[in-house]
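So the structure is just underneath, and the comments pick up after that.
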Amino acid sequence: MEIESFVKNTSIAYFSMEIGIIPEMHTYSGGLGILAGDTLKSAADLRIPLIGVTLIHRMGYFKQELDPFGRQIEHPDPWDIEKYLKKIDIKISVSIEGKPVYVTAWYYVIESSTGGKVPVLFLDTDIPENSPENRTLTHYLYGGDLEYRLKQEIILGIGGVRILEELGFDIRKYHMNEGHSSLLTLELLNRFKRPLEEVWSEELVWDVEKVRNLCVFTTHTPVEAGHDRFPYELVQKVVGEPVPMWLIKKLAGDGMLNMTLLGFNLSEYINGVSKKHEEVSERMFPGYEIHAITNGVHPYTWVCEPFKNLYNKYLPGWANEPEIFVRAWRIPSEEIWDAHMQAKKALIDYVNRITGANLSYDTFTIGFARRATPYKRADLLLSDPERLAYIAEGRVQIIYGGKAHPRDEGGKALIRRIFEIKERLKDRVKIVYLPNYDMALAMKMVSGVDIWLNNPLKPYEASGTSGMKATHNAVPNFSVLDGWWIEGWIEGYTGWAIGTLEETSDSRIDAEDLYFKLANEILPMFYEKRDIWIKVMKNAIALNAYYFNTHRMIRFYVTEAYIR
Ligand SMILES: *Cc1c(COP(=O)(O)O)cnc(C)c1O
């Protein structure tokens, strides 16, 4: 299948700095990228005419090794590009530091069993036309310094629009998945310039309304500091003035170029990724109308084999119509438990093989895996080791995973701390930390544990998606009330809350609640009222998975954002 075959019928371009499709393609780091991949997969299932645009990231994010003290060692993580992508014979250029940098592209086609197909473009500067330094610009995801990042964003935003145009695509909507691609708006402003002699005013040359009608922006960051920002000296040096600086400053902020603001000012539709996140974002950016489209996960990707078989038997059609999960109670309890135990055994066997930890199939297993960074509080469960040991001895085992960004010292310290406590409790509570958390490990973990734990500081979790993956495998959530869980939580029915609905966190209160519910509600139900426990598992499918999937999510994007 040639990329040209998509030109005529594709009208929406989905831009994302990372897109995670399969574990073998190292083009993602975590939640944002996997969400992008899941979105495009649902688009393929539903035959929505999208094309994805991202960078090729030849060296990946990084491969994580952990030494016996939990010190993180980072390795480049190259992947077999030629095995998965097809090269396109194309070359455009973008201006970086006033000189041309040439960009080519590769593509991958996401194919659904429904026959739907969605192509994804991977932009690449590693070609002989470029200087050795510029050739590395599409090597590392989130690597390098601010300048490297800005150059990557020129390639993604401006280069992406030019590649699409060169290929002949007639794009009606540009969807920016987070601010990394916001520079595409400058390219569009240039493209739709009005001739000065028609408007007689320098300001009216720029058809802001026209560009706004073409753009959709999704923000994922509930904290001020998380938004991509560049000093104007750097912008002047690296980007130059694709449109005049006064206009850039008017659209992207006076002090620094704020990519979110630029995206906001040039998008007709803006959304956050959960209802709570919408609320938080509106407070952070007063005056902007921000909508909410709560994230989801791609059902077929995130259901493990034993549950696929079960769903095929009792809920045929589920993969393309996850609303059918609402009837999960049709599945006999023994078969739910049996499928869960198959997934659990697969995980425990894997853990025991690589760590020698000798975990048991029958012990209640807590899973916690996500980016290791302080606000996620991976050590909350370990904050009172003696109390944990008292509750957990012989009854609980814990499986951790997660990478810290190479420059996140706080995140790295967190991993070392977990290793310390793991060592201290080793004769009483089995704790393991699995290295190199990626899509493949996530699949094993979210399906193989008994409960999925999530306890970030509020309101930092814009949505969270790993808990949604767990629900697709009948694994209930035990989570603070932030992001998606506020919408999915029914206490004691779909899982459990940690702490209150209040918007800020108190780690002491949260830890107290966590220990209390674990000891008095969760463990007694799991060990002594297994029939009720299995009902909670069914509710995870029927009341959570039926809604928190990318099929529902992308239908919202189509009706609220794309067709306007
Ligand atoms: C799903 C996933 C994430 C995101 O998890 P959150 O709960 O949103 O933090 C990160 N990394 C990997 C490998 C995943 O599969």
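Note that ligands are numbered from 1 as they come in the structure, with each ligand's atoms numbered from 1 the same way.
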Sub-4.0 Å heavy-atom approach of Trp302 to ligand 1: yes
Does some non-hydrogen atom of Met443 fall short of 4.0 Å from ligand 1? no
Using a 4.0 Å heavy-atom threshold (strictly under), name the region of [X] that reaches ligand 1: side chain, backbone, both or neither.
{"X": "Phe368", "value": "neither"}
{"X": "Ser466", "value": "both"}
{"X": "Asp438", "value": "backbone"}
{"X": "Lys376", "value": "side chain"}
{"X": "Ile34", "value": "side chain"}

State plainly whether the residues [X] and [Y] are in salt-bridge range, i.e. N to O under 4.0 Å.
{"X": "Glu461", "Y": "Lys376", "result": "yes"}
{"X": "Asp145", "Y": "Arg149", "result": "no"}
{"X": "Lys276", "Y": "Glu279", "result": "yes"}
{"X": "Lys344", "Y": "Asp450", "result": "yes"}
{"X": "Lys345", "Y": "Asp349", "result": "no"}

[X] heavy atoms, cut-off 4.0 Å: which ligand 1 atoms fall inside?
{"X": "Gly464", "value": "8 (O)"}
{"X": "Ala442", "value": "15 (O)"}
{"X": "Met439", "value": "13 (C)"}
{"X": "Gly30", "value": "10 (C), 11 (N)"}
{"X": "Gly31", "value": "3 (C), 4 (C), 10 (C)"}

Roughly how far, to the nearest 0.5 Å, is the CG atom of Asn454 from the CD1 atom of Ile498? 7.5 Å
Counting only nitrogen or oxygen atoms and a 3.5 angstrom limit, does [X] reach ligand 1?
{"X": "Lys469", "value": "yes"}
{"X": "Tyr28", "value": "no"}
{"X": "Tyr437", "value": "no"}

Salt bridge (Lys or Arg N to Asp or Glu O under 4.0 Å) between Arg283 and Glu503: does it pass, once the steps are laid out? CA-CA 13 Å; Arg283 237 179 295 137; Glu503 212 177 80; 2.9 Å; yes
Does atom OH (Tyr361) have a neighbourhood of more than 12 heavy atoms from anything else shown, all under 6.0 Å? yes
Heavy-atom nearest neighbour in the protein, as seen from atom 8 (O) of ligand 1, with distance rounded to 0.1 Å: Thr465 N, 2.9 Å
Kindly indicate whether a cation-pi arrangement holds for Lys308 with Tyr311, taking the cut-offs as under 6.0 Å to the six-membered ring centre and within 45° of the axis. no
For a salt bridge (charged side-chain N to carboxylate O under 4.0 Å, His left out) with Glu74, tell me which candidate from Lys403, Arg407, Lys412 qualifies. Lys412
